[in-house]
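The block underneath contains the structure these notes are about, expressed in C-alpha cells.
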Amino acid sequence: MNTASTPASAGEPRWLGPGEQLVWRSYIEAATLLEDHLDRQLQRDAGMPHVYYGLLVKLAESPRRRLRMTELARSAKITRSRLSHAVARLEKNGWVRREDCPSDKRGQFAVLTDEGYAVLERTAPGHVAAVRQAVFDRLTPEQQESLGEIMRIVAEGLQPAEAGADLPWLR
C-alpha cells in the first residue's frame with residue numbers, strides 16, 4: 001500500500017500520508033474514547049446511553065417539548081428504526097410519550113414528559129462536568145475555537161445538498 005502523500009494516478013486511491021494517518025487515527029481514538037466516557041457517565045448517573053440523553057435534550061429544547069419522530073431521527077442522525085426502539089425504552093421509563101399527529105394519520109410526535117424533564121435536570125450537571133473534564137478543560141480557548149471550526153467544516157461537508165440523499169436518518 002502506497003502511504004506517501006504524492007498525487008495519485010488516475011484510478012489510484014489518494015493514500016493518507018504519515019501526518020494525515022496520525023491525525024485520522026488520533027481522531028478515531030479520541031471519538032471512540034469520548035463516546036465511551038460519556039456513555040459510562042450517563043449509564044452510571046441515569047441508566048441511559050448517551051444517544052438517549054441526546055434525544056431527551058433535543059425534545060427539551062423543542063417547542064412544547066415535542067418533535068415529529070421523523071424530525072427527531074433527522075436531528076439525532078439515527079435511523080427511524082433505531083429511534084423507534086429508543087423511544088420505546090424511554091416510554092417504558094416514563095420519560096417520553098408518543099402522540100399521534102392530527103394532520104398526518106401516519107405521523108407521530110415524541111413528547112418529553114415532566115418525569116423525563118426532571119431526569120434531564122438531575123443528570124445535566126454530571127454530564128456537563130464529564131464533557132468539560134474530557135474536552136474543554138484540556139484545551140485552550142484558541143484550541144476550542146479551532147476544534148469548533150474544524151468540526152463545523154467537516155459536518156457541513158457531509159450534509160447532503162440534494163433532498164433525496166440516501167442517509168440512514170432519512171430511511
Side-chain angles (χ1 to χ4, degrees), residues 2-8 13-80 82-83 86-87 90 95-96 110 112 116-171:
N2 173 18
T3 58
S5 59
T6 58
R14 284 183 54 216
W15 299 110
L16 300 179
E20 292 168 323
Q21 277 285 356
L22 181 62
V23 169
W24 177 243
R25 290 178 183 186
S26 295
Y27 165 77
I28 293 296
E29 183 176 12
T32 301
L33 290 169
L34 180 60
E35 188 63 27
D36 178 67
H37 175 73
L38 297 176
D39 260 342
R40 283 184 287 117
Q41 177 269 316
L42 287 164
Q43 285 289 354
R44 181 185 65 243
D45 293 357
M48 74 174 106
H50 189 220
V51 70
Y52 289 16
Y53 181 84
L55 295 173
L56 296 180
V57 168
K58 287 183 186 308
L59 290 172
E61 293 173 343
S62 299
R64 298 175 50 211
R65 300 190 321 207
R66 62 192 291 127
L67 276 174
R68 293 273 310 243
M69 292 283 284
T70 52
E71 181 55 35
L72 185 55
R74 184 176 295 120
S75 68
K77 308 290 188 263
I78 61 176
T79 64
R80 287 184 266 190
R82 184 173 181 200
L83 175 66
V87 169
L90 294 168
W95 300 343
V96 170
L112 182 65
Y117 191 79
V119 166
L120 272 179
E121 285 184 316
R122 284 192 309 272
T123 307
H127 183 64
V128 76
V131 169
R132 186 167 291 291
Q133 177 269 331
V135 179
F136 294 98
D137 290 349
R138 298 172 186 277
L139 303 175
T140 66
E142 295 79 17
Q143 289 171 323
Q144 293 173 25
E145 188 175 326
S146 293
L147 179 62
E149 181 180 350
I150 291 165
M151 292 295 99
R152 278 190 298 282
I153 290 168
V154 171
E156 287 170 6
L158 294 171
Q159 294 295 323
E162 68 278 0
D166 184 31
L167 297 170
W169 49 91
L170 300 178
R171 292 183 200 138

- [ ] Could you list the residues that satisfy ring-ring contact (aromatic ring centres under 6.0 Å, His included) with Tyr27, not counting sequence neighbours?
- [x] Trp24
TODO: To the nearest 0.5 angstrom, please state how far the CZ atom of Arg138 sits from the CG atom of Leu147.
DONE: 13.5 Å
Task: Criterion side-chain contact (heavy atoms from CB on, under 4.5 Å) on Ile78 and Leu55, from CA distance to verdict - done: CA-CA 10 Å; Ile78 61 176; Leu55 295 173; 4.3 Å; yes
Task: Partner residues of Arg122 under the side chain to side chain donor-acceptor pair (under 3.5 Å) criterion, sequence neighbours left out - done: none
Task: Closest non-hydrogen atom pair, Leu67 against Lys58 - done: CD1-O, 4.2 Å
TODO: Write down the atom of Leu59, the atom of Ala110, and the distance for their closest heavy-atom approach.
DONE: CD2-O, 3.3 Å
TODO: Any chance you could measure Glu20, atom CD, to Trp15, atom CH2, to the nearest 0.5 Å?
DONE: 13.0 Å
Open item on the list: If I take atom NE2 from residue His37 and atom CG from residue Leu42, how far apart are they, to the nearest 0.5 angstrom?
Closed with: 9.5 Å
Open item on the list: Could you measure the distance from the CG atom of Leu34 to the CG atom of Asp39? Nearest 0.5 Å is fine.
Closed with: 10.0 Å
Task: Expected output: side-chain Glu71 to main-chain Arg68 donor-acceptor under 3.5 Å - done: no
- [ ] Please identify each residue that fulfils ring-ring contact (aromatic ring centres under 6.0 Å, His included) with His127, with sequence neighbours left out.
- [x] His50, Tyr53
Task: Spacing of Met48 atom CE and Thr123 atom OG1 [to the nearest 0.5 Å] - done: 4.5 Å
Task: For Arg40, all residues meeting salt bridge (Lys or Arg N to Asp or Glu O under 4.0 Å), sequence neighbours excluded - done: Asp36
Open item on the list: A quick test of your reading: do over 12 heavy atoms of other residues, nucleotides or ligands sit less than 6.0 Å from CZ of Arg44?
Closed with: yes
Open item on the list: Using the side-chain contact (heavy atoms from CB on, under 4.5 Å) criterion, which residues pair with Thr140? Sequence neighbours excluded.
Closed with: Glu142, Gln143
Task: Closest contact, heavy atoms only, Ala130 versus Leu38 - done: CB-CD2, 4.0 Å
Task: Side chain Arg66, main chain Leu112, donor-acceptor under 3.5 Å - done: no
- [ ] Please report the shortest heavy-atom distance between Gln43 and Pro49, naming the atom on each side.
- [x] NE2-N, 3.3 Å
Open item on the list: Among Val51, Thr70, Leu72, which residue satisfies the side-chain contact (heavy atoms from CB on, under 4.5 Å) criterion with Leu83?
Closed with: Leu72
- [ ] Please indicate whether Glu145 has more than 12 foreign heavy atoms, meaning atoms of other residues, nucleotides or ligands, lying under 6.0 Å from its CD.
- [x] no
Task: Glu121 atom CD, neighbour heavy-atom count above 12 within 6.0 Å - done: yes
TODO: Identify the two heavy atoms, one from Arg80 and one from Ala73, that lie closest to each other, and give their separation to 0.1 Å.
DONE: CG-CB, 3.9 Å
- [ ] Could you name each residue pair satisfying ring-ring contact (aromatic ring centres under 6.0 Å, His included) that touches residues 133-159, not counting sequence neighbours?
- [x] none
Open item on the list: Please find the pair of heavy atoms, one from Ala46 and one from Trp95, that lie closest to each other, and give the distance.
Closed with: O-CH2, 3.4 Å
Open item on the list: Is a donor from one side chain sitting under 3.5 angstrom from an acceptor on the other, for Asp45 and Gln41?
Closed with: yes
TODO: Output the distance between atom CD (Gln21) and atom CG (Leu16), rounded to the nearest 0.5 Å.
DONE: 5.0 Å
